[in-house]
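Below is one structure, written out as C-alpha coordinates; comments come after it.
A, B, ... follow the sequence lines: proteins, then strands. Residue 1 opens every chain. No hydrogens, no waters, no symmetry mates; every other heavy atom, side chains included, goes into these values.
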Amino acid sequence: DTAVSQTPKYLVTQMGNDKSIKCEQNLGHDTMYWYKQDSKKFLKIMFSYNNKELIINETVPNRFSPKSPDKAHLNLHINSLELGDSAVYFCASSTWGLAGRSTDTQYFGPGTRLTVL
Amino acid sequence: GQNIDQPTEMTATEGAIVQINCTYQTSGFNGLFWYQQHAGEAPTFLSYNVLDGLEEKGRFSSFLSRSKGYSYLLLKELQMKDSASYLCAVRSSGAGSYQLTFGKGTKLSVIP
(Lines give C-alpha, C1' and ligand atoms only; values in the text may rest on other atoms or scores of the structure.)
Protein backbone atom coordinates (compact mmCIF):
# COMPACT_ATOMS: atom_id res chain seq x y z
CA ASP A 1 0.00 0.00 0.00
CA THR A 2 2.92 2.31 -0.80
CA ALA A 3 1.70 5.88 -1.38
CA VAL A 4 4.29 7.01 -3.98
CA SER A 5 6.31 4.32 -5.69
CA GLN A 6 9.13 4.50 -8.19
CA THR A 7 10.84 1.91 -10.35
CA PRO A 8 13.61 1.05 -10.59
CA LYS A 9 15.25 1.85 -7.25
CA TYR A 10 18.72 1.61 -8.77
CA LEU A 11 19.72 2.20 -12.38
CA VAL A 12 23.26 1.77 -13.65
CA THR A 13 23.85 2.47 -17.32
CA GLN A 14 26.40 3.58 -19.88
CA MET A 15 26.78 7.08 -21.21
CA GLY A 16 24.70 7.67 -24.32
CA ASN A 17 21.94 5.23 -23.42
CA ASP A 18 18.23 6.07 -23.10
CA LYS A 19 16.41 5.12 -19.91
CA SER A 20 13.06 5.61 -18.20
CA ILE A 21 11.99 5.92 -14.57
CA LYS A 22 8.40 5.23 -13.61
CA CYS A 23 6.36 6.81 -10.83
CA GLU A 24 2.92 5.96 -9.50
CA GLN A 25 0.89 7.38 -6.64
CA ASN A 26 -2.25 5.97 -5.03
CA LEU A 27 -3.05 9.00 -2.88
CA GLY A 28 -5.65 10.40 -5.28
CA HIS A 29 -3.49 13.48 -5.85
CA ASP A 30 -3.77 15.47 -9.05
CA THR A 31 -0.28 16.94 -9.13
CA MET A 32 3.01 15.10 -9.55
CA TYR A 33 6.62 16.24 -9.60
CA TRP A 34 10.12 15.16 -10.51
CA TYR A 35 13.07 16.35 -8.45
CA LYS A 36 16.80 15.78 -8.87
CA GLN A 37 19.06 15.46 -5.82
CA ASP A 38 22.72 15.79 -6.66
CA SER A 39 25.76 14.50 -4.80
CA LYS A 40 25.68 17.55 -2.51
CA LYS A 41 22.14 16.56 -1.51
CA PHE A 42 20.58 19.66 -3.11
CA LEU A 43 16.99 18.85 -4.06
CA LYS A 44 15.81 20.73 -7.14
CA ILE A 45 12.49 20.72 -8.98
CA MET A 46 12.58 19.57 -12.59
CA PHE A 47 8.97 19.21 -13.69
CA SER A 48 5.47 19.37 -12.35
CA TYR A 49 2.25 18.03 -13.86
CA ASN A 50 -1.27 18.90 -12.79
CA ASN A 51 -4.07 16.75 -14.21
CA LYS A 52 -1.68 15.45 -16.88
CA GLU A 53 -0.71 19.00 -17.91
CA LEU A 54 2.83 20.34 -17.60
CA ILE A 55 2.83 23.33 -15.22
CA ILE A 56 6.44 23.64 -14.14
CA ASN A 57 9.37 23.06 -16.43
CA GLU A 58 12.60 24.29 -14.93
CA THR A 59 15.77 24.76 -16.92
CA VAL A 60 16.30 21.11 -17.68
CA PRO A 61 18.00 19.79 -20.84
CA ASN A 62 15.47 18.64 -23.42
CA ARG A 63 17.01 15.18 -23.18
CA PHE A 64 14.65 14.85 -20.21
CA SER A 65 11.03 14.29 -21.20
CA PRO A 66 8.29 13.68 -18.66
CA LYS A 67 5.13 11.85 -19.64
CA SER A 68 1.91 11.63 -17.68
CA PRO A 69 -0.48 9.00 -19.10
CA ASP A 70 -2.96 9.67 -16.28
CA LYS A 71 -3.15 11.56 -12.98
CA ALA A 72 -1.65 8.68 -11.02
CA HIS A 73 1.47 8.26 -13.15
CA LEU A 74 4.38 10.47 -14.13
CA ASN A 75 7.27 8.86 -15.96
CA LEU A 76 10.64 10.39 -16.78
CA HIS A 77 12.48 9.46 -19.95
CA ILE A 78 16.10 10.48 -20.38
CA ASN A 79 17.84 10.36 -23.76
CA SER A 80 21.58 10.24 -24.42
CA LEU A 81 22.55 9.94 -20.77
CA GLU A 82 25.57 11.93 -19.60
CA LEU A 83 27.86 11.53 -16.59
CA GLY A 84 26.34 14.64 -15.00
CA ASP A 85 22.93 12.99 -14.96
CA SER A 86 24.10 10.73 -12.14
CA ALA A 87 21.93 11.63 -9.15
CA VAL A 88 18.94 10.48 -7.14
CA TYR A 89 15.65 11.29 -8.82
CA PHE A 90 12.60 11.69 -6.60
CA CYS A 91 9.00 11.66 -7.67
CA ALA A 92 6.46 13.42 -5.46
CA SER A 93 2.74 14.13 -5.46
CA SER A 94 0.32 16.54 -3.81
CA THR A 95 -3.13 17.99 -3.99
CA TRP A 96 -3.37 21.24 -5.92
CA GLY A 97 -4.74 24.68 -5.56
CA LEU A 98 -6.03 24.28 -2.06
CA ALA A 99 -3.14 26.21 -0.50
CA GLY A 100 -4.60 28.43 2.15
CA ARG A 101 -7.21 25.82 3.00
CA SER A 102 -4.80 22.92 3.18
CA THR A 103 -1.09 22.46 3.04
CA ASP A 104 -0.89 20.74 -0.38
CA THR A 105 1.98 18.85 1.19
CA GLN A 106 4.20 17.00 -1.23
CA TYR A 107 4.80 13.31 -0.53
CA PHE A 108 7.93 11.77 -1.95
CA GLY A 109 8.67 8.41 -3.47
CA PRO A 110 11.69 6.36 -2.34
CA GLY A 111 13.94 7.71 -5.08
CA THR A 112 15.81 6.21 -8.04
CA ARG A 113 19.59 6.27 -7.83
CA LEU A 114 20.88 6.73 -11.36
CA THR A 115 24.56 6.06 -12.05
CA VAL A 116 25.92 6.83 -15.50
CA LEU A 117 29.26 5.19 -16.30
CA GLY B 1 14.32 34.33 -7.68
CA GLN B 2 14.42 32.32 -4.51
CA ASN B 3 17.20 32.22 -1.94
CA ILE B 4 17.11 29.91 1.05
CA ASP B 5 19.88 29.63 3.63
CA GLN B 6 20.34 27.14 6.41
CA PRO B 7 23.44 25.88 8.24
CA THR B 8 25.19 22.99 6.54
CA GLU B 9 25.83 20.89 9.63
CA MET B 10 24.96 20.82 13.31
CA THR B 11 25.80 18.48 16.17
CA ALA B 12 23.77 18.04 19.34
CA THR B 13 23.63 15.68 22.29
CA GLU B 14 20.99 13.05 22.91
CA GLY B 15 18.25 14.42 25.17
CA ALA B 16 19.08 18.05 24.36
CA ILE B 17 17.20 20.69 22.34
CA VAL B 18 18.42 21.93 18.95
CA GLN B 19 17.20 24.81 16.79
CA ILE B 20 17.79 24.76 13.03
CA ASN B 21 17.39 28.16 11.40
CA CYS B 22 16.29 28.99 7.89
CA THR B 23 16.24 32.38 6.20
CA TYR B 24 14.67 33.00 2.86
CA GLN B 25 14.08 35.61 0.21
CA THR B 26 11.24 35.02 -2.17
CA SER B 27 8.42 36.65 -4.06
CA GLY B 28 4.91 35.32 -3.79
CA PHE B 29 5.46 33.57 -0.46
CA ASN B 30 2.85 30.87 0.08
CA GLY B 31 4.09 28.76 2.97
CA LEU B 32 7.18 27.17 4.46
CA PHE B 33 7.77 23.46 4.95
CA TRP B 34 10.28 21.42 6.92
CA TYR B 35 11.20 17.95 5.74
CA GLN B 36 13.38 15.29 7.35
CA GLN B 37 15.59 13.12 5.17
CA HIS B 38 17.53 10.16 6.51
CA ALA B 39 20.54 9.07 4.49
CA GLY B 40 19.49 7.12 1.42
CA GLU B 41 15.80 7.74 2.00
CA ALA B 42 13.07 10.05 0.74
CA PRO B 43 12.27 13.39 2.37
CA THR B 44 9.33 13.09 4.75
CA PHE B 45 7.06 15.95 5.78
CA LEU B 46 7.52 17.37 9.27
CA SER B 47 5.75 20.71 9.47
CA TYR B 48 4.10 23.57 7.62
CA ASN B 49 3.78 27.26 8.47
CA VAL B 50 1.95 29.87 6.45
CA LEU B 51 1.08 32.36 9.20
CA ASP B 52 3.48 33.90 11.71
CA GLY B 53 3.98 32.02 14.92
CA LEU B 54 4.78 28.64 16.34
CA GLU B 55 3.36 25.30 15.24
CA GLU B 56 3.94 22.46 17.68
CA LYS B 57 3.80 18.79 16.84
CA GLY B 58 5.08 16.52 19.58
CA ARG B 59 8.84 16.89 19.99
CA PHE B 60 9.06 19.08 16.88
CA SER B 61 8.01 22.73 16.58
CA SER B 62 8.38 25.17 13.73
CA PHE B 63 8.30 28.95 13.84
CA LEU B 64 7.75 31.48 11.08
CA SER B 65 8.25 35.23 10.81
CA ARG B 66 7.20 36.37 7.36
CA SER B 67 8.36 39.96 7.87
CA LYS B 68 11.86 38.74 8.69
CA GLY B 69 11.95 35.94 6.13
CA TYR B 70 12.89 33.57 8.93
CA SER B 71 11.90 30.19 10.23
CA TYR B 72 13.29 27.69 12.66
CA LEU B 73 12.72 24.05 13.45
CA LEU B 74 13.02 23.13 17.12
CA LEU B 75 13.69 19.54 18.09
CA LYS B 76 13.31 18.63 21.76
CA GLU B 77 14.44 15.55 23.71
CA LEU B 78 16.75 14.58 20.89
CA GLN B 79 17.02 10.90 20.06
CA MET B 80 19.70 9.12 18.05
CA LYS B 81 17.15 8.46 15.31
CA ASP B 82 16.83 12.23 14.79
CA SER B 83 20.22 12.17 13.05
CA ALA B 84 19.22 13.19 9.53
CA SER B 85 19.19 16.11 7.14
CA TYR B 86 16.52 18.75 7.71
CA LEU B 87 15.33 20.57 4.62
CA CYS B 88 13.66 23.97 4.70
CA ALA B 89 11.43 24.53 1.66
CA VAL B 90 9.54 27.64 0.61
CA ARG B 91 6.44 27.54 -1.55
CA SER B 92 5.91 30.49 -3.83
CA SER B 93 3.14 31.31 -6.23
CA GLY B 94 3.39 32.97 -9.58
CA ALA B 95 2.13 32.63 -13.15
CA GLY B 96 -0.75 30.45 -11.99
CA SER B 97 1.36 27.79 -10.36
CA TYR B 98 2.98 26.93 -7.05
CA GLN B 99 6.58 25.89 -6.71
CA LEU B 100 8.50 24.41 -3.78
CA THR B 101 12.13 25.53 -3.51
CA PHE B 102 14.37 23.64 -1.12
CA GLY B 103 17.33 24.85 0.87
CA LYS B 104 20.48 22.76 0.80
CA GLY B 105 19.60 21.05 4.05
CA THR B 106 21.14 20.92 7.51
CA LYS B 107 22.80 17.66 8.45
CA LEU B 108 22.13 17.03 12.14
CA SER B 109 24.27 14.55 14.03
CA VAL B 110 22.99 13.45 17.43
CA ILE B 111 25.73 12.11 19.69
CA PRO B 112 25.38 10.14 22.94
Sub-4.5 Å side-chain heavy-atom contact between A:Tyr35 and B:Leu100: yes
Answer with yes or no whether the hydrophobic clustering places B:Ile20 together with B:Val90; edges join I, L, V, M, F, W, Y residues whose side-chain heavy atoms lie under 4.5 Å apart. yes
Does B:Glu77 have more than 12 heavy atoms from other residues, nucleotides or ligands lying within 6.0 Å of its CD? no
So, for B:Ala42 and A:Gly109, which heavy atoms are closest and what is the spacing to 0.1 Å? CB-O, 2.9 Å
Is it true that B:Val50 and B:Phe45 fall in one hydrophobic cluster, defined by side-chain heavy atoms closer than 4.5 Å? yes
Shared ILVMFWY cluster between A:Leu54 and A:Ile78, side chains joined below 4.5 angstrom? yes
Heavy-atom check, side chain of A:Gln37 versus side chain of B:Phe102, under 4.5 Å: no
For a quick test of reading the model, state the closest non-hydrogen atom pair linking A:Phe90 to B:Gln37 and the distance between them. CZ-NE2, 3.5 Å
Looking at every heavy atom in both B:Tyr35 and A:Gln106, which two are closest together, and how far apart are they? OH-O, 2.7 Å
Got a second to check how far B:Arg91's CZ is from A:Thr105's OG1, nearest 0.5 Å? 7.5 Å
Examine whether an atom of B:Leu87 lies under 4.5 Å from a heavy atom of chain A, and if so say whether it belongs to the side chain, the backbone or both; otherwise answer neither. side chain
Measuring from atom NZ of A:Lys41 to atom OG1 of B:Thr8, what distance do you get when rounded to the nearest 0.5 angstrom? 14.0 Å
Please answer: with hydrophobic residues joined when any side-chain heavy atoms are less than 4.5 Å apart, are A:Leu83 and A:Val60 in the same cluster? yes
Counting only heavy atoms closer than 4.5 Å, note whether A:Ile45 contacts chain B via side chain, backbone, both or neither. side chain
Look up atom OH in A:Tyr33 and atom CD in B:Gln99, then write down how far apart they are to the nearest 0.5 Å. 10.0 Å
Counting heavy atoms not belonging to B:Lys57, are there more than 12 under 6.0 Å from its NZ? yes
Is B:Phe63 linked to B:Trp34 within one hydrophobic cluster, defined over Ile, Leu, Val, Met, Phe, Trp and Tyr using a side-chain heavy-atom separation of less than 4.5 Å? no
